[in-house]
2 protein chains.
Amino acid sequence: MTPQDSHADTAARVWQGMRAFVLELYDRRKEAGDALDMSFVRAKALRYVGLEPMTMRQLTAILATDAPYTTVVVDDLERRGLVERSVHPGDRRVKIVTATEAGKAAAAVVQAIMDRPPPPMLDLDPADLAALERIIATLVGESAPQEPST
Amino acid sequence: MTPQDSHADTAARVWQGMRAFVLELYDRRKEAGDALDMSFVRAKALRYVGLEPMTMRQLTAILATDAPYTTVVVDDLERRGLVERSVHPGDRRVKIVTATEAGKAAAAVVQAIMDRPPPPMLDLDPADLAALERIIATLVGESAPQEPST
DNA sequence: CTCAATAGTTGTACGTCTATAACGTTTGTA
DNA sequence: TACAAACGTTATAGACGTACAACTATTGAG
């Protein structure tokens, strides 16, 4: 907060702090992968499929990869008995990926690791946490459309 | 905010929202790499070396990789004329990596891309932004020690 | 001086992810 | 019926990152 501190300067500083908090101090991606002995992309795929069955195409979009790699990932998860493929009733071209019971359990493990709030966040006093919740909701809500592509 | 909403539940929800904001909506790592036509790890290395010269060992710690890969990364940056190696005066085992002028310029590009605040953050009203700055400072400040290793 | 420890490099192997082309199957349309 | 489009798979090549072993040069302690 220097004398000439502009709104944009403050925003930049806040953004840097938030990035450091999420990416440097409490990035759980490695931990999630290690817990299931698989790469993070596979764990991420399983996490989403565990929430609800989806098509290969939808999964490809979530993983932000291409179709062939999604095949590889789902092949691997299927070999581990964590997901199953079935044909979409009504369009036999489409495959639906569903988590097995074991898959849902593993997905829940990933979810728990990712969602576990960092200690400093738990240490916030209730008023600050409530304020933060409201502001984060604003940020995320306003971001429905992805960032304009570069 | 359900009737039985606990502090921990709220924190978990806020954490998820913050993660989504940083990692899903405004992850700039790919953009940074593309801008310099190099992998993100190289861009990250350059960004830090651009701030201040450091030893290979320090750079290895920042990149969270091992020494051999740091050698590969610095070799590449050196081949591009973006950094230079020099011997540490006082300990000839140690090499100091310094950004050239071109390297500093490229580092600034990366820095600018990473630090550019997302539009929704700029759209916050000043009071909310100030509150957010204070809370983020608390979170990051309290996080000096890394998360207890798994 | 001797020797263990440190910093960095070289080489190798592997898992992971990206990207592209080609293919079979199925669908919907002309 | 013929044909273009969509969905998923197979195959391949290559960049990227991780991990480990072995090596040189240098330093500092005994």
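Order of the sequence lines fixes the chain letters, A, B, ..., with proteins taken first and strands second; residue numbering starts at 1 for each chain.
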In whole Å, what is the span from the [atom1] atom of [X] to the [atom2] atom of [N]?
X       : N      : atom1 : atom2 : value
A:His88 : D:dA6  : NE2   : P     : 17 Å
A:Asp76 : C:dC17 : CG    : P     : 10 Å
A:Met54 : D:dG8  : CE    : P     : 12 Å
A:Lys95 : C:dT26 : NZ    : C1'   : 11 Å
A:Ile96 : D:dT9  : CD1   : P     : 13 Å
B:Arg57 : C:dT9  : CZ    : C1'   : 15 Å
A:Glu78 : D:dT10 : CD    : C1'   : 15 Å
A:Arg79 : D:dT9  : CZ    : P     : 13 Å

Salt bridge or not between [X] and [Y]? Use side-chain N to carboxylate O under 4.0 Å.
X        : Y        : result
B:Arg79  : B:Asp75  : no
B:Arg116 : B:Glu31  : yes
A:Asp9   : A:Arg13  : no
B:Arg19  : A:Asp115 : no

From the options C:dT10, D:dT27, D:dG8, select the nucleotide whose nearest atom is closest to the side chain of A:Met56.
D:dG8

Answer yes or no: does a side-chain N or O of A:Arg92 lie under 4.0 Å from OP1 or OP2 of D:dG8?
no

C:dT6 base / B:Arg93 side chain donor-acceptor hit below 3.5 Å
yes

Rounded to the nearest 0.5 Å, what's the gap from OH on B:Tyr48 to CD on B:Gln58? Could you check?
13.0 Å

Between A:Arg42 and A:Ser39, does any side-chain donor sit less than 3.5 Å from a side-chain acceptor?
yes

At under 4.0 Å between heavy atoms, how does the protein contact nucleotides 15-22 of chain D? Give one character per nucleotide, 5' to 3', with B, S or -.
-SBBBBB-

Can you confirm whether B:Val83 sits close enough to B:Thr98 that some side-chain heavy atom of one is under 4.5 Å from a side-chain heavy atom of the other?
no

